[in-house]
2 protein chains.
Amino acid sequence: MTESESATVDLEIIVQGAQEGKKLELRLWLRMLSTTKLISQEIRRRLRNEFGATLPQFDLMAQLYREREGLRLGELSKRTMVTNGNVTGLVERLETDGLVLRVTPDGDRRVTVAKLTAKGETLFSAMATAHEGWLRDMMADVDPEIVNELWRDIGLVKSSVSNHLSGADFD
Amino acid sequence: MTESESATVDLEIIVQGAQEGKKLELRLWLRMLSTTKLISQEIRRRLRNEFGATLPQFDLMAQLYREREGLRLGELSKRTMVTNGNVTGLVERLETDGLVLRVTPDGDRRVTVAKLTAKGETLFSAMATAHEGWLRDMMADVDPEIVNELWRDIGLVKSSVSNHLSGADFD
DNA sequence: GCCAAACCTTTGACATTTCAAATATCGCTC
DNA sequence: GAGCGATATTTGAAATGTCAAAGGTTTGGC
């Protein structure tokens with residue numbers, strides 16, 4: 001029935017020779033990537049089954065939920081880490097579904113501001129509650145202390161990566 | 001250098017109220033996700049600029065590089081965590097580029113086996129070397145001890161998640 | 001006021017992604 | 001040896017994703 005046959009897949013197979021103390025970073029990366037994919041797929045499946053929504057839509061609405069006055073599309077693009085062109089279509093579809101509203105402010109006609117509708121706020125609120133529970137469940141076997149450490153240490157990775165990007169990625 | 005002001009996008013904004021000891025799992029997830037996106041985008045950019053390849057193509061070739069005799073498409077699908085239908089198109093394009101070969105074994109005509117060509121092996125070998133270096137560079141500021149810990153602890157997360165999937169997904 | 005540079009969004013071409021349904025083949029039972 | 005269920009891949013529709021180029025708008029220098 002499910003399309004994915006058996007899913008404890010292992011992207012990490014690529015490495016295999018890394019246990020000798022070399023390629024630690026590659027090994028970590030592959031495990032991060034496969035774990036993230038696993039969690040994403042689970043969340044996507046549940047969002048779809050229980051709310052008929054997609055993960056990118058959820059991500060976008062999450063940003064708008066925090067900014068009730070709405071956000072410019074460029075700002076949405078930065079916060080969701082999605083390209084401008086992509087945001088255009090995403091917002092378009094959400095507007096069709098009546099979850100998001102698009103407005104052009106008087107001051108600057110280059111700008112489009114997206115904003116959650118009442119319907120959008122209601123839906124997102126429900127999804128967010130469920131979403132948080134799913135994550136708690138999925139990570140139930142992990143000691144909260146470890147969760148905390150991971151949060152802190154992944155922050156170190158994020159900082160390091162941010163400081164070693166090739167493309168000009170600055171504000 | 002904290003990532004807060006300089007360009008490092010922040011999916012984590014969704015949380016904000018989590019620092020009080022609640023929603024630890026959500027907070028971790030958002031940081032994992034944003035970090036993974038950041039690294040993925042950097043790798044994608046470099047693969048594109050330096051090799052004219054895409055990340056999914058690289059992932060797929062990585063699996064084939066480890067199995068010189070080739071892999072069935074279903075097996076490729078599992079290992080790359082990509083759906084069957086997706087693998088079809090991916091392999092199709094790689095074959096067009098002369099990097100991969102498709103063969104139907106005599107024994108079972110339902111099956112398609114994909115295999116790297118000599119050209120594919122040469123290209124992947126170069127990409128893999130570069131790829132490993134990129135990761136080492138990006139994580140250069142992180143203590144190797146921490147990298148090791150992260151690898152181990154993310155393994156705990158992965159296990160926990162695997163044991164709490166809704167779809168029947170076991171090996 | 002004018003114009004060039006900068007800014008914001010959209011568009012278009014293409015690749016990737018999922019899901020569900022369709023195809024094709026194999027294995028087994030009778 | 002006909003057919004049924006299981007297996008393996010492909011196909012098709014819709015959404016997401018990147019990138020580059022094109023469209024409007026605004027701004028600043030003159």
Side-chain angles (χ1 to χ4, degrees), chain A residues 1-7 36-38 40-49 52-61 70-78 80-97 99 102-114 167-169 171, chain B residues 36-38 40-49 52-61 70-78 80-97 99 102-114 167:
Chain A
M1 292 305 186
T2 52
E3 82 293 344
S4 49
E5 298 67 35
S6 57
T36 298
K37 274 194 185 181
L38 194 61
S40 288
Q41 284 171 354
E42 178 69 9
I43 293 177
R44 177 168 23 245
R45 180 176 359 191
R46 300 210 201 190
L47 278 176
R48 178 183 186 74
N49 291 344
T54 66
L55 187 47
Q57 285 170 357
F58 175 78
D59 284 347
L60 196 153
M61 291 175 74
L71 286 171
R72 293 157 28 156
L73 298 200
E75 187 59 26
L76 261 178
S77 169
K78 276 184 217 159
T80 55
M81 296 177 83
V82 149
T83 52
N84 279 336
N86 199 357
V87 167
T88 296
L90 232 22
V91 169
E92 217 165 64
R93 265 166 250 125
L94 286 170
E95 192 174 38
T96 301
D97 293 345
L99 300 170
R102 255 186 306 193
V103 185
T104 298
D106 294 341
D108 190 338
R109 289 220 300 281
R110 292 170 299 182
V111 172
T112 300
V113 170
D169 247 273
D171 275 336
Chain B
T36 299
K37 274 195 185 180
L38 193 61
S40 288
Q41 285 171 353
E42 178 69 9
I43 293 177
R44 177 172 17 250
R45 180 177 345 176
R46 299 211 202 188
L47 277 177
R48 176 181 187 77
N49 291 344
T54 67
L55 188 46
Q57 286 171 355
F58 176 77
D59 284 347
L60 196 154
M61 291 175 75
L71 286 170
R72 291 154 35 150
L73 298 199
E75 187 58 28
L76 261 178
S77 169
K78 276 184 215 161
T80 55
M81 296 177 84
V82 148
T83 51
N84 279 337
N86 199 358
V87 168
T88 296
L90 234 21
V91 168
E92 218 165 65
R93 265 165 250 125
L94 286 170
E95 192 175 38
T96 301
D97 293 346
L99 300 170
R102 254 186 308 192
V103 184
T104 298
D106 292 342
D108 190 338
R109 290 221 298 280
R110 292 172 299 182
V111 171
T112 301
V113 170

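What's counted below: heavy atoms across the whole structure, side chains too, no hydrogens, waters or symmetry copies.
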What is the nucleic acid contact for B/Val87, judged by heavy atoms within less than 4.0 Å: base, sugar-phosphate only, or nothing? nothing
Would you kindly give the CG-to-P distance between A/Asn86 and C/dC8, to the nearest whole Å? 19 Å
Are A/Arg109 and D/dG23 close enough that a side-chain N or O sits under 4.0 Å from OP1 or OP2? no
Starting at CG of B/Asp97, measure out to CD of B/Glu92 and round the result to the nearest 0.5 Å. 11.5 Å
Mind calculating the distance between CG (A/Leu55) and C1' (D/dA14) to the nearest angstrom? 16 Å
A/Asn84 CG to D/dC19 P, straight-line distance once rounded to whole Å: 12 Å
May I ask you to say what B/Thr88 touches in the nucleic acid, namely base, sugar-phosphate or nothing, with a heavy-atom cut-off under 4.0 Å? base
If each of A/Asp106 and A/Val82 is mapped to the nucleotide of DNA chain D with the nearest heavy atom, which maps nearer the 5' terminus, i.e. the 5' end? A/Val82
For C/dT18, does OP1 or OP2 lie under 4.0 Å from any side-chain N or O of B/Thr83? yes
Rounded to whole Å, the CD1-C1' distance (B/Ile43 to D/dT18) equals 16 Å
B/Gly74 and B/Asn84 have their tightest heavy-atom pair at CA-OD1, 3.9 Å
Residue pair A/Arg72 / A/Val111: nearest heavy atoms and the distance that separates them: CG-CG1, 3.4 Å
With heavy atoms under 4.0 Å as the rule, sort A/Leu90 into base, sugar-phosphate or nothing. sugar-phosphate
Rounded interatomic separation in angstrom, taking CG from A/Asp59 and C1' from D/dG17: 13 Å
Please list, chain by chain and in numerical order, all residues satisfying side-chain contact (heavy atoms from CB on, under 4.5 Å) with A/Arg44, sequence neighbours excluded. A/Ser40, A/Gln41, A/Leu55
When you check the phosphate oxygens OP1 and OP2 of D/dG17, does a side-chain N or O of B/Arg45 lie under 4.0 Å from one of them? no
Closest-nucleotide 5' rank along DNA chain D - winner of B/Asn49 and A/Gly89: A/Gly89
Tell me the closest heavy-atom pair linking A/Lys37 and B/Thr80, and the distance in Å. NZ-O, 3.1 Å
Starting at CD of B/Glu92 and ending at P of D/dG12, how long is that distance when rounded to a whole Å? 11 Å
Rounded to whole Å, please give me the gap between CZ in B/Arg48 and P in D/dC19. 6 Å
Taking the minimum atom-to-atom distance to the side chain of B/Thr54, which one of D/dG17, D/dT9, C/dA15 wins? C/dA15
Which sits closer to the 5' end of DNA chain C, A/Arg44 or A/Arg102, going by the nucleotide each is nearest to? A/Arg102
From A/Leu73 atom CG to A/Arg102 atom CZ, the distance as rounded to the nearest 0.5 Å: 7.5 Å
Minimum heavy-atom separation for A/Arg109 to A/Asp106, with atom names? CG-O, 4.4 Å
Find the distance A/Leu47:CG to C/dT18:C1' and express it as a whole number of Å. 14 Å
Looking only at side-chain N and O atoms, does B/Gln41 come under 4.0 Å of OP1 or OP2 in D/dT18? yes
Which parts of nucleotides 1-8 of chain D does protein reach within less than 4.0 Å, heavy atoms only, written one letter per nucleotide 5' to 3' as B for base, S for sugar-phosphate only and - for none? -----BBS
